[in-house]
Every structure is written in C-alpha cells, then in structure tokens.
2 protein chains.
Amino acid sequence: MPFGQHGIFCPELTRVSARTSGMPSTFFPAGAEIYAQGDTKGGLYQVEFGAVRIYRLLADGRRQISAFHLAGEIFGLQDGSTHHFFAEAICATAIRVMRTTSLDGDLAGELLPVALRSLVRAQEHLLVLGRQNAIERVAAFLIDICDRQGGLRQIELPMSRADIGDYLGLSIETVSRVFSRLRQKGVIRLPSLRSVEIVKPQALEDLVA
Amino acid sequence: MPFGQHGIFCPELTRVSARTSGMPSTFFPAGAEIYAQGDTKGGLYQVEFGAVRIYRLLADGRRQISAFHLAGEIFGLQDGSTHHFFAEAICATAIRVMRTTSLDGDLAGELLPVALRSLVRAQEHLLVLGRQNAIERVAAFLIDICDRQGGLRQIELPMSRADIGDYLGLSIETVSRVFSRLRQKGVIRLPSLRSVEIVKPQALEDLVA
DNA sequence: CGGCAATTTGAAGGCGCTCAAAAGTAGTGG
DNA sequence: CCACTACTTTTGAGCGCCTTCAAATTGCCG
C-alpha cells in the first residue's frame, strides 16, 4: 500500500480533489502513519483537511515534533531518496499526493518557495526551543496556530497536550500548567479541551517579545 | 557597500576565486556583519575560508544561533525579499557571492538541494534543542563539527563558548562545564581553548543515542 | 452508568541558570 | 622579556524553572 499501512483510499475525495488538481486524495484516520523515517517514497503531500505531525524519535522514545501541518499546507519535501522523519495524521485527515515524477518537470520552480518557507519556520522554531521559557513557548505556539487558522480569536487545536509538549520541548504537565496560568490571568479562555479563545492577543504578543 | 558595513573588498581573493567560479570574494574580519535581519539584498553566499554564524535576537538580547557555516558551505537563502536573520563572520572570513540575477537562470534547480539540506539540518537541530540535555547537545555538536571538518579526531573550533551556548540553547558556563566533564571522563582532550581532540568517538555517539 | 484515556493539579527533586570570583589567554607597549 | 590590561574560560555556590512521580478530575464513548 503506497501511503502507510493505515491509509484508506477514498474515491469520493478523489473526485473532489480531481477537480482542482487532478491528483487523488488518501484518507488517514487519527494516528495513521503517512510515511516513516527511512521510507523511500518520494513525493509531495498537501493536507486537504485535518492535521499532520512531522516528528523524529530518539532511541529511548523521546519525541520531537518539528512541525504541524494544517489544511492547505504542503509537506514531505526530503533531501536525498529517503525520509528523515515520520509523518502521522493527528486526526481524521485527507492528503492529496503529488507524484515525484511531476516534480522533475514544471513544479521544480514552485518547490523552492515551499522549502524556504519550511526552512524559515524551522529556524524560527529553533529560537523558541533554544531561548524561550515555557510560557513564551506556549504563547508563540498559540499565535502561530491562530495566524494559520485565519487570525480569528477562536482556535481549534487538533493535537493533544502531548503533541504540543513534544513540539515545544516541554512535558505534558508543563503545557497544561501554562494553559491554566494563561487562563487564570485572563489571557485565554478554554471553552473545551481542544479549543482556545484568545481574550488578550496583546498579552500573548508581549510574551514572545 | 553591498555586503555589510565592515566588508572589505579583497582583489587578491577575487582573482583566486574568479578562476573557479567567476565570482568575486569579499573579506570580513572577525565579528563583521555579512547581512542583517530586514536587509533586502538577495543572493547566495559561499564560505571560501573562515566561518559564519546565522542568528536571531529577542528583544531583551537573548540570541539563538540557528546555524554555523564552515569553508565550502552555502548560506543566505531567504524566503521573500528580506533576510529574517543576521549573518556574521566568526573569524577572518572570505565570502564568495552569487548574484540574485543568476539565481533566476540555470541555478534555480541547484538551489533546491541547498535549501533541503539546510532544512534537514534545522529540523535535526530541533530535536537536539527540544529533547536532549546539556551533555547530549554538546556531543551532537562535536560530532557535527567533526564530520564537517573531514571526520578527523582533531577539531578546530572557530567559535567561542558563547557562540556554542547560543547555538545549543545553553549558558556559557554550562558549555564549559560539559567540556570539563567530557575531559574528565577521557572522552575528549582540550589541547587548547579552541581545539578539541576526540579520544573516544563511540562514547560521543552513544550520547546522542 | 461505567470504563478508559486525556487532562489537570499537587509535591518533591534535579538540571541548568544566575551571580560571583578565580584562572587562563592574548595583545600591547615599555 | 616582562608587565599590564582586557577578555575569555573555568569553577564554585545557591536558586529557580521545569521534570518526574503520583493522584484527582474531567471528558468521551460504548
């Protein structure tokens, strides 16, 4: 099976996406692997709906999520012939696949901007992980997700606290404590476990300095 | 002046590099700025000799070095029209410049591998900053520099402890303490301040897991 | 309603940071 | 050659933030 053992081909989505790009879509339930470290499947992926986590593991199980990808975003670029990371669906997710063969053609010029955006993102994330404390990291995360969801004050988080912790280099407990602290300060509200309302955007901005 | 206020044009180097690429070189003394955050100078840079640090600053002065670039390596790729980072010469350094105009032509296809290598590097660095402790970070750093200097056991560090700290997300003191600890364990020797001899490579490898 | 997983909250400890001072290094000029 | 200065690096002591371990609570789905 081309796109991970849990990948389920979805004819309806195929037809939908075919109208826009001519490429088929694949559906992944929550937790399904899209590709693994060492996989040789080349290609580029676009999130149609849902969310994806890109991560790496240490031998003892420590995990670092290097990026989340939301609807519309492109991922899967690789250096060399094999993937260096894992990609998993965070929730029910549809992925549009662009074949490697087409990359050699006209798309080559469009690939560079994608790579550069990812690079800038990763480098900015380095600043967060290297030089910011827990509350600053969470603030940066919320601002980032907010912007990528259209800038509305109401945020829907597809990922768990564990995912957020592994993205921000924090423990689950610390993430939870920071959320509580921001709530107590009146900076955010938590209408439900996976949604956040930003009450004082400026307070968040001030935290990331 | 095209490449930072401290850039010194060096005719002799120009002639040398012209033989290989037809592009001129610029010399930068230690600490000289190559480009700054917000600069609109496009273009690609190659280190001829010396070393470069790429970094970002927080409002209160905290600094995160996202990458070091040694002789032969290419840097300066940017998303959009302005640089998002600072680039400085760490020591006496010569930089070969490739003009933006030439990038639009034949080089476009060669740019993608450069961007992808940087991306993979940054993402691997995220794992170090997010999920590894002090001794593991230093071990990863030494292995990386060692590989990039040809894999010899003797390493020459162009950068200060402060630079290493700002690259690894550690304080100067912690970097120094870890070096001492590795020396006491017999893993490395420190023939001088800026050189490291790796006595037990396997011990270092084991640390990064 | 019951069971399981995710999240929250609490308590204690450790790793790395800050502050401080000593030791080492390099450059300069007498 | 040596004295002097300025800077980097090393080492020490104490503290604080985050982690770990543990338990309570909440939310979800059958």
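The sequence lines fix the lettering, A, B, ..., with proteins before strands; numbering per chain opens at 1. Quick note: numbers below take in every heavy atom, side chains included, and nothing from hydrogens, waters or symmetry partners.
Atoms CG (A:Asp166) and C1' (C:dT7) sit 15 Å apart, rounded to a whole Å. Going from atom CG of B:Leu190 over to atom C1' of D:dT11 covers 15 Å, rounded to whole Å. Atom C1' of nucleotide D:dT10 and atom CZ of B:Phe179 are separated by 13 Å, given to the nearest angstrom.
Using a 4.0 Å heavy-atom cutoff across all strands shown, A:Arg183 reaches sugar-phosphate atoms only and no base atom. Residue contacts shown for A:Ser180 are limited to sugar-phosphate atoms, with no base heavy atom under 4.0 Å away.
Pairs of residues two or more places apart, or lying in two chains, never qualify as ring-ring contact (aromatic ring centres under 6.0 Å, His included) while including a residue from residues 172-209 of chain A.
A distance below 6.0 Å separates the ring centres of A:Tyr45 and A:Tyr35. A:Phe68 and A:Tyr167 have their aromatic ring centers within a separation under 6.0 angstrom.
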Nucleotides 23-29 of chain D: which of its N/O atoms have a protein N/O under 3.5 Å away?
none

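Between atom CZ of residue A:Phe75 and atom OG of residue A:Ser66 there is a gap of 11.5 Å, rounded to the nearest 0.5 Å.
The shortest side-chain heavy-atom distance between A:Ile95 and A:Val52 falls under the 4.5 Å cut-off. Annotation: side chain of B:Cys146 is not in contact with side chain of B:Leu204 (no heavy-atom distance under 4.5 Å).
For A:Arg63 and A:Asp163, the salt-bridge test passes: some basic side-chain N is under 4.0 Å from an acidic carboxylate O. Salt bridge status for A:Glu156 with A:Arg194: absent, with no side-chain N to carboxylate O gap under 4.0 Å. Using a 4.0 Å cut-off between charged side-chain N and carboxylate O, A:Glu136 and A:Arg131 make no salt bridge. Ion pair A:Arg161/A:Glu173 not flagged as a salt bridge, since none of the NZ, NE, NH1 or NH2 atoms sits closer than 4.0 Å to an Asp/Glu carboxylate oxygen. Using a cut-off of 4.0 Å between Lys/Arg side-chain N and Asp/Glu carboxylate O, B:Arg153 and B:Glu197 are scored as not salt-bridged.
Distances from the side chain of B:Arg194 to the nucleotides D:dT11, D:dT9, C:dT8 place D:dT9 closest.
For the contact set between residues 153-162 of chain A and DNA chain D, defined by any heavy atom under 4.0 Å, there are no members.
Across all their heavy atoms, B:Glu88 and B:Ile34 have their closest contact at C-CD1, 4.0 Å.
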*Contact letters for nucleotides 16-23 of chain C, in which S counts primed atoms plus P, OP1 and OP2 and B counts the base, heavy atoms under 4.0 Å*: SSBB----
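Summary of helix geometry: the two end axes of the helix from C:dC1-D:dG30 to C:dG30-D:dC1, each defined by five base pairs via their C1' atoms, are inclined to each other by 40° (rounded to 10°).
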Could you list the donor-acceptor pairs under 3.5 angstrom formed by side chains in residues 113-122 of chain A, with sequence neighbours left out?
from: A:Ser118; atom 1: OG; to: A:Val114; atom 2: O; distance (Å): 3.3
from: A:Arg121; atom 1: NH1; to: A:Asp144; atom 2: OD1; distance (Å): 3.3

